[in-house]
Amino acid sequence: MYEENRWCVYVPSLLSASHLVTGTVTMKLIPRAARGASFSCFTLAFLLLLHCCHIASILGHKSDSALTVVENTEEGEGVVGDEEDEVTIDEDEGDLEVVQPTEEWQTLKPGQAVPAGSHVKLNLQTGQREVKLGEEQLKYWTQEHRETEEIQSSFSPDELKRAMKKIKEDLNPVNKDTDQQGSVASQFRPLEELKKDMAQLDLLVETDFQIMRRLLDQYNSSNSTTQQRLSILLELEYLVHQVDNAQSLCSMGGLQLILEGLNSSDFRLQESSAFVLGSAASSNPVVQVKAVESGALQMLLTILATEQPLRVKKKVHFAVASLLRNFPYAQRHFLSHGGLQVLSELFRADGGGVLRTRIVTMLYDMISEKELISQAGLDLVLDASHEERVRQYSEVSLQGELLEKGWCSLVPQLLESTEHDYREKALRALLAMAPVCLDQYRSDSSLLGSLLSLRGQYQEMALSEMIVGEENDYYAEIVELINALQVKIKR
């Protein structure tokens, strides 16, 4: 009993001496509960002495990684305690084999290193170090990451050096085989040959002027069929939307070709020629002047006054509207050649309302242009041509002609249409014609009844439009037009 007690007294001193000898080893020992009642203090001291001696022998081996001895959560023989023990070992750097831990304990061989964060323990029964993944590594270390790390760790520094050397050799043309260079070069054409081909391609590039010249030559060719000429006119219509192309077409004689098409007995050529003329004259004063001086306006009015298919009259009216827009000289010629009379007959003959709407829109545009010029005369700063434009518009007595030719009673007929767009165009034209047509409006019971009926109808539609949340307020705008016309009539 005395010996047992004396060993128990000397155990702390042994531990203290072990700490002084190892220097870098810090160990915490918490005794596990005895496995039996006969586990004596002497046995415990003997096991601790063996443990210290084994640690001192381990420190004699080199390792390039810090090891962490943690709690052994698995039951087994030779395990010292339930809590984690930490051992930190600083070794010289060297080429060490890195062991990838797994979820199971595995034995470490001398000279092997482990990644930071791994759990390392010392098995006192076998005297070997064992390692497994830490808790944080277990959360992250999926099979995908493990396979990636295995692939990455499979390349040694020597292999990487050899791979880099191989890349440099491949990039160096001096080291390439001459036969291989010849086979690669044979797959490509010489640069001089490519330049010649590109020069030939440049010859195929045509300007719009060259294209129109070629098209006109093909059109005038005696071998050209009617279908080919129709295709040529369609291509010209696409090109003359550009102002310069339209003027170039007139300068190279294309306008005369168009007039010949208008005078053709084939209504298809008349339709296509009128389409080209209307597109060329749109917002192009140069073409407008040349067309009017060439007699195009008279030819167009003649086609409208004769029996023609609807498709032809639509294109011809488009050409007339293009010639008259913002061109008072052409408008004066239009009135002097009975243009309003021709349009009134066309208006009465149109039952579908398509031509009626286009005619009313054109008359509204002509009236609005003259009013805008008169309002611009109130400005202090004007260009040099403004006075001339005012003078030319003063010679156009459009509204007097409208009253004389019966348009004050013709335009209200468009309100009978079921199309909202047709009604809107008619209301705008009626407001523009109001200065000369008010007396007839007041005596026209049909017009007053239509306005009253339409006002109630569009008020309901405007209310529904507001409830739905429409942004354009189209029906509300029509209601405003009706209200404005009713106010003028009641004055």
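We're numbering straight along the sequence, starting at 1. All of these numbers come straight from a predicted model, not from anything done at the bench. Computed from heavy atoms alone, side chains included, the values below leave out hydrogens, waters and symmetry copies.
- With rounding to the nearest 0.5 Å, the separation of CG in L415 from OG in S446 is 8.5 Å.
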**OP:** Given side chain to side chain contact (heavy atoms under 4.5 Å, CB included), test K314 with L355 step by step and report yes or no.
**Re:** CA-CA 7 Å; K314 288 167 63 176; L355 281 176; 4.1 Å; yes

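- Looking only at side-chain heavy atoms (C-beta outward), V479 and L454 stay at 4.5 Å or farther from each other.
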**OP:** Kindly indicate, with the supporting measurements, whether the criterion side chain to side chain contact (heavy atoms under 4.5 Å, CB included) is fulfilled by L485 and L451.
**Re:** CA-CA 9 Å; L485 184 57; L451 293 177; 3.8 Å; yes

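- To the nearest 0.5 Å, atoms NZ (K425) and CG (L430) are separated by 13.5 Å.
- By the disulfide (SG to SG under 2.5 Å) test, C250 is found to be paired with no residue, residues two or more places apart in sequence or in another chain being considered.
- Listed for the Q270 side chain is a donor-acceptor partner under 3.5 Å among the backbone atoms of L262.
- P435 approaches Q399 most closely through the heavy-atom pair CB-OE1, 4.4 Å.
- Counting heavy atoms from C-beta on, the side chains of F347 and V360 come closer than 4.5 Å.
- Ring geometry, Y458 versus Y475: the interplanar angle falls from 30° to 60°, so the pair is classed tilted.
- The minimum heavy-atom distance between Q106 and T102, with the atom names listed, is NE2-N, 3.5 Å.
- A salt bridge between E387 and R391 is absent, with no side-chain N of the basic residue lying under 4.0 Å from a carboxylate O of the acidic one.
- The side-chain contact (heavy atoms from CB on, under 4.5 Å) check on R229 picks up Y219, S224, L269, with sequence neighbours excluded.
- Rounded to the nearest 0.5 angstrom, L257 CG and L215 CG are separated by 10.5 Å.
- Using modelled atom types, no side-chain atom of Q256 and backbone atom of G253 make a donor-acceptor pair closer than 3.5 Å.
- In this structure a side-chain-to-backbone donor-acceptor pair under 3.5 Å is missing from S397 to G400.
- Salt-bridge annotation for R428 and E477: present, with a side-chain N of the basic residue lying under 4.0 Å from a carboxylate O of the acidic one.
- Nearest heavy-atom pair, Q392 versus Y329, reported as atom, atom and distance to 0.1 Å: OE1-N, 4.2 Å.
- L402 places none of its side-chain heavy atoms less than 4.5 Å from the side chain of C408.
- Residues W407 and L343 have side chains in contact (heavy-atom distance under 4.5 Å, counting atoms from C-beta outward).
- Between the S443 side chain and the D439 main chain, a donor and an acceptor come within less than 3.5 Å of each other.
- A330 and L323 make their closest contact through CB-O, 3.6 Å (heavy atoms, listed as atom of the first residue, atom of the second, distance).
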Original post:
Where do V289 and F327 land on the side chain to side chain contact (heavy atoms under 4.5 Å, CB included) test, with the steps shown first?
Top reply: CA-CA 9 Å; V289 172; F327 192 14; 3.7 Å; yes

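- Judged by the 6.0 Å distance and 45° axis criteria, K370 is not positioned over the aromatic ring of Y393.
- No donor-acceptor contact under 3.5 angstrom links the side chains of Y474 and E465, judged on distance only.
- K290 is not listed as a side-chain neighbour of V287, based on a closest heavy-atom distance of 4.5 Å or more.
- The aromatic rings of H333 and H337 sit parallel, their planes meeting at an angle under 30°, below the 60° perpendicular limit.
- By the 4.5 Å heavy-atom criterion applied to side chains, N284 and Q247 are counted as neighbours.
- With 3.5 Å as the limit, one finds a donor-acceptor pair spanning the side chains of E369 and Q331.
- The main-chain N or O of L216 is found under 3.5 Å from a side-chain atom of N220 such that the two form a donor-acceptor pair.
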Donor-acceptor pairs under 3.5 Å, side chain of residues 233-243 to any protein atom, not counting sequence neighbours: which ones?
unit_1: E237; atom_1: OE2; unit_2: H241; atom_2: NE2; d: 2.7
unit_1: E237; atom_1: OE2; unit_2: S279; atom_2: OG; d: 2.7
unit_1: Q242; atom_1: OE1; unit_2: N245; atom_2: ND2; d: 3.4

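- Judged by distance alone, with hydrogens and angles left aside, the side-chain atoms of R358 form no donor-acceptor pair with the main-chain N or O of F318 at under 3.5 Å.
- The distance from the CD atom of Q308 to the CZ atom of F267 is 9.0 Å, given to the nearest 0.5 Å.
- Between the side chain of S368 and the backbone N or O of D365 there is no donor-acceptor pair closer than 3.5 Å.
- To the nearest 0.5 Å, the span separating CG on L414 from OG on S450 amounts to 11.0 Å.
- Here the shortest heavy-atom pairing between V396 and P328 reads CG2-O, 3.6 Å.
- Taken from OG in S282 to CD in Q288, the straight-line distance is 8.0 Å, to the nearest 0.5 Å.
- Smallest separation of non-hydrogen atoms from L403 and V436: CD1-O, 3.6 Å.
- The shortest distance between side-chain heavy atoms of L249 and L255 does not fall below 4.5 Å.
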**OP:** Determine, stepwise, if the pair R423 / E419 fulfils side chain to side chain contact (heavy atoms under 4.5 Å, CB included).
**Re:** CA-CA 6 Å; R423 293 173 178 175; E419 297 290 334; over 6 Å; no

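- Although no hydrogens or angles enter the test, the distance criterion places a donor-acceptor pair under 3.5 Å between the side chain of R442 and the main chain of I489.
- The side-chain heavy atoms of E130 and L108, taken from C-beta on, include no pair separated by under 4.5 Å.
- Distance alone, capped at 3.5 Å, is enough to place a donor-acceptor pair between the D350 side chain and the G353 backbone.
- Judged purely by atom type and a 3.5 angstrom limit, E271 has no side-chain atom pairing as donor or acceptor with the backbone of V316.
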